[in-house]
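Letters go in sequence order (proteins before strands), and every chain restarts at 1.
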Protein chains: 2
Amino acid sequence: MGAVATKRHIVEAADSLFYEHGFEATAFADIASAIGISRGNFYYHFRTKDEILDAVITRRLERTRQLLDSWERETGSARDCLLSFAGMLIANRTKIMLYGCPVGSLCLELAKLDHLALGRATELFTLFREWLATQFATLGRGPDADALAMHLLMRSQGVATLAAALRDDGFIEREVEAMKAWLDAQCPTAPGRPVR
Amino acid sequence: MGAVATKRHIVEAADSLFYEHGFEATAFADIASAIGISRGNFYYHFRTKDEILDAVITRRLERTRQLLDSWERETGSARDCLLSFAGMLIANRTKIMLYGCPVGSLCLELAKLDHLALGRATELFTLFREWLATQFATLGRGPDADALAMHLLMRSQGVATLAAALRDDGFIEREVEAMKAWLDAQCPTAPGRPVR
DNA sequence: GTCTATACGAAGATAGAC
DNA sequence: GTCTATCTTCGTATAGAC
């Protein structure tokens with residue numbers, strides 16, 4: 001197998017395992033056995049575990065950008081973009097009920113470890129934050145755009161954490177509905193919206 | 001030093017360290033050096049690390065019950081009780097910005113570790129959930145009491161996680177104000193509330 | 001009750017053969 | 001590039017002296 005392919009396999013497996021079991025709890029042996037290589041082979045591609053973490057965060061940033069781009073391409077309006085964000089909680093609910101949000105849980109773990117990579121992991125939040133703010137600004141909420149983006153991010157984090165703790169999928173559905181109702185109330189130009 | 005006192009010191013130190021650095025990342029050596037005993041002395045009081053975790057959760061449950069009781073004693077109404085809950089995010093904001101919520105972050109870590117103690121840690125959420133629901137029921141929101149309690153819990157979790165990731169204390173203040181405004185809108189009998 | 005000394009295993013990291 | 005073998009450190013846990 002080529003070096004590029006193996007390296008990609010390592011990062012893909014590490015990405016999943018860091019999400020499902022945490023960064024610290026994931027050993028090289030776990031990643032190695034998941035993709036069928038030896039532990040020793042690791043160090044040809046990465047010198048330290050921190051380098052793998054950095055590659056995982058970089059991969060997540062790239063994939064998140066692609067996801068946000070696809071939402072913009074595939075939906076007709078900023079309002080639909082915001083609904084796509086809320087829908088992510090439903091689409092990923094099986095894993096969220098088991099492991100929470102991959103971004104939030106990683107940031108929390110790195111914060112407790114006082115790990116230098118926390119800043120890079122937080123970029124994932126910043127990416128969502130600025131994209132969401134852009135959508136709200138498009139909807140005429142320019143002055144409040146960032147606060148509204150943070151509020152929506154906050155709610156997604158709360159739903160993910162509580163769903164993982166209580167293992168309750170009905171809760172996710174109810175809160176996503178409430179989130180969409182809140183979004184409707186924030187979109188002054190949306191059709192069918194009751195005027196305040 | 002007496003056995004009871006030493007045992008209490010161990011649990012107190014473990015409680016703090018599990019919160020600040022995580023359960024797995026905290027070694028016996030860390031707890032031992034924090035309270036000035038030897039590692040070996042540990043096993044006179046606890047046989048395994050899991051036993052310490054159990055004692056920590058039990059301690060947190062007891063202290064949470066005391067906290068909720070004190071809120072009921074010291075405030076005049078169910079509405080004030082709910083405001084006390086929201087105020088907890090302000091009172092503990094320094095630590096929340098560094099480590100998130102002690103309940104949510106512990107549950108997330110135990111979920112990823114597939115640890116048996118997750119159920120016990122979740123009891124902490126259940127304790128808050130039922131107490132909050134009781135307050136909402138007192139305010140005449142009986143049919144929605146549990147959903148309202150879950151919504152408030154959800155928001156507290158979202159605020160704590162995002163505050164820890166972004167290390168932003170202004171964000172906590174803004175979201176707590178929004179939380180209080182939401183609470184006002186949920187209290188039909190509260191004085192000064194604008195009627196919908 | 002608390003200590004020192006130590007056994008044991010797990011995990012990150014390295015060396016060198018193929 | 002990938003492997004096996006090995007080094008080293010660390011962390012849980014145990015044994016036994018004081």
Base-contact (B) and sugar-phosphate-only (S) positions in nucleotides 12-18 of chain C, heavy-atom cut-off under 4.0 Å, - elsewhere: SBB----
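Considering only side-chain N and O atoms, B:Tyr44 lies nowhere under 4.0 angstrom from the phosphate OP1 or OP2 of C:dT2. Phosphate proximity of D:dG1 to A:Asn41: absent, as no side-chain N or O sits under 4.0 Å from OP1 or OP2.
For the pair A:Arg8 and A:His45, the minimum side-chain heavy-atom distance is 4.5 Å or more. Between B:Phe46 and B:Lys7, some side-chain heavy-atom pair lies under the 4.5 Å cut-off. Two residues are said to be in side-chain contact when any heavy atoms from C-beta on lie closer than 4.5 Å; A:Asp144 and A:Gln186 fail this criterion. Using a 4.5 Å cut-off on side-chain heavy atoms (C-beta onward), A:Leu108 and B:Thr161 make contact.
With pairs defined as Watson-Crick or G-U wobble and both atom distances under 3.5 Å, the stems of at least three pairs that touch DNA chain D come out as C:1-18 with D:1-18.
At least one donor-acceptor pair closer than 3.5 Å links the side chain of A:His21 to the backbone N or O of B:Lys112. B:Tyr19 places a side-chain N or O within donor-acceptor distance of the main-chain N or O of B:Gly100, the cut-off being under 3.5 Å. Listed for the A:Thr122 side chain is no donor-acceptor partner under 3.5 Å among the backbone atoms of B:Leu166.
In this entry the distance linking CZ of B:Phe42 with P of C:dG1 reads 17 Å, nearest Å. With rounding to whole Å, B:Ile10 atom CD1 is found 11 Å from C:dT2 atom C1'. Rounded to an integer number of Å, the gap from B:Phe46 CZ to D:dG11 P is 20 Å.
Applying the salt bridge (charged side-chain N to carboxylate O under 4.0 Å, His left out) definition to pairs two or more places apart or across chains, those involving residues 14-23 of chain A are A:Asp15-A:Arg59, A:Asp15-A:Arg60, A:Glu20-A:Lys95.
Considering only the side chain of A:His45, D:dT2 comes nearest among C:dT2, C:dC3, D:dT2.
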